[in-house]
Number of protein chains: 2
Amino acid sequence: MEDIAVRAGVSKQTVYKHFTDKQSLFADIVLSTTGDMEALVGLIADRLSTTSNPAKDLEYLAETFLNALMQPRVLRLRRLVISSADRFPEIATAWYEQGFERALGVLSSSFQALTDRQLLAVDDSAMAAEHFVGMLFWIPVNKAMFTGDDDYAATHKLAPVARSAARAFMSAYGVGGEEQRWGQSQSDGLKAP
Amino acid sequence: MEDIAVRAGVSKQTVYKHFTDKQSLFADIVLSTTGDMEALVGLIADRLSTTSNPAKDLEYLAETFLNALMQPRVLRLRRLVISSADRFPEIATAWYEQGFERALGVLSSSFQALTDRQLLAVDDSAMAAEHFVGMLFWIPVNKAMFTGDDDYAATHKLAPVARSAARAFMSAYGVGGEEQRWGQSQSDGLKAP
């Protein structure tokens, strides 16, 4: 608390006036960052509610999402929240729910709406949303978490990971049949160069 | 170091004889657990090298894998390793490489071999392996990490997550065409009840 008072240029008393204890200060810092998710969630909803080309828009969303999550600041906060989840489960849970779980919910609704419009063929939209983010995030986020390299994005290409996840998703859940199964067809327009 | 000497019923000197410092003791504890991955890696290789039914065997592997990773002991170690990755990046990196990265490599080789046998249609087997584990692990592992609930598996069903991941993988990378695209067809044998 003293360090924070010094950094903020106020008295320790002033810090305690705003935050009753260390835990409530920590909660405030952590949860203030979930607002960043708002913009992303809005982007998903906008982009997918009007799309006529889910394959293209999912690639775009995948890359945008992955870049956002792989910011050094976000990765450091993620490590901090995980580290303290056994001591402060309420804070870590709230961070997850207000951030990722909201984004998952919007993705899921969007996938259902696209299925209703016959642009996707999803039977369990919540599960499909989990698959989309899982294919996108598991490897790069883990690599950053376990190498301690919070600036992972500076030295690794994220675009191919995003593209590949979006394409595998379309292969699993698209309506196009064989021409969308890019694992098999070497000549279609979706194939990576 | 003193606590450990007491728990082990030896002198502090004896602990220091085996481990020069806290870091080497920590490294030894963490890295001794990657041996657990051996059995899983062997299982993948055995099961997929002889399979004639990748859909069925991938469901089995998915469930086995997910159960192994969601053990309370593994989740606690995972949190500890992530927490210390910025201070001890070598230990955390080695844990990741000797554990998950080895499993990923074996999965990738297996998917390539199955593609050669025309039982899968994978063009980038390393990426396909990442997609498989991503769909399987991202949500349950994160939920455990962020809720601090290391005994998550005791109160949540893992089998449906495993089954769904394996089926989405087959939809994306199988050779069966429409009948494997369980998101669309309500009547095939792979459909969940």
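Chain identifiers are assigned alphabetically (A, B, ...) following the order of the sequence lines, protein sequences preceding nucleic acid strands; residue numbering begins at 1 within each chain.
- For the atom pair CZ (F88(A)) and OG (S83(A)), the distance works out to 11.5 Å, reported to the nearest 0.5 Å.
- Residues of residues 99-106 of chain A having a heavy atom under 4.5 Å from any heavy atom of chain B, listed by number: E101(A), L104(A).
- To the nearest 0.5 Å, the span separating CG on D116(B) from CG on L119(B) amounts to 10.5 Å.
- Residue pairs meeting the side chain to side chain donor-acceptor pair (under 3.5 Å) criterion with at least one partner in residues 84-97 of chain B, sequence neighbours excluded, are T33(B)-W95(B).
- The two residues V122(B) and A128(B) make their nearest non-hydrogen contact at CG1-CB, 3.7 Å.
- The heavy-atom pair separating M1(A) from L25(A) by the smallest distance is SD-CD2, 3.7 Å.
- The shortest side-chain heavy-atom distance between F137(B) and N142(A) does not fall under the 4.5 Å cut-off.
- Note on P89(A), G148(A), A92(A): by heavy-atom pairs under 4.5 Å with chain B, the leading option is A92(A).
- Between the CZ atom of R117(A) and the OG atom of S52(A) there is a distance of 7.5 Å, given to the nearest 0.5 Å.
- Here the side chains of N53(B) and Y60(B) are not in contact, with every heavy-atom distance at 4.5 Å or above.
- Once rounded to the nearest 0.5 Å, the distance linking CD1 of I82(B) with CE of M145(A) reads 6.5 Å.
- Taking CG of L31(B) as the start and OG of S24(B) as the end, the distance is 11.0 Å to the nearest 0.5 Å.
- Rounded to the nearest 0.5 angstrom, I4(B) CD1 and I29(B) CD1 are separated by 5.0 Å.
- Within residues 61-80 of chain B, the residues approaching chain A closer than 4.5 Å by heavy atoms are, in numerical order, L69(B), R78(B), R79(B).
- Here F111(A) and Y173(A) keep their ring centres 6.0 angstrom or further from each other.
- Heavy-atom pairs under 4.5 Å with chain A were tallied for P160(B), A94(B), A165(B); the largest tally goes to A165(B).
- Here V141(A) is the residue among L120(A), D149(A), T115(A), V141(A) with the most heavy-atom pairs under 4.5 Å with chain B.
- In plain terms, the two heavy atoms of H131(A) and S164(B) that are nearest each other are CE1-OG, 2.9 Å.
- In terms of non-hydrogen atom pairs under 4.5 Å with chain B, the most contact-rich of V133(A), V81(A), I91(A) is V133(A).
- Between S110(A) and A45(A), the shortest heavy-atom distance links the atoms OG-CA, 4.4 Å.
- Pairing each heavy atom of L58(A) with each of M170(A), the nearest pair is CD1-SD, 3.8 Å.
- Residues of residues 8-19 of chain A never come closer than 4.5 Å to chain B when only heavy atoms are counted.
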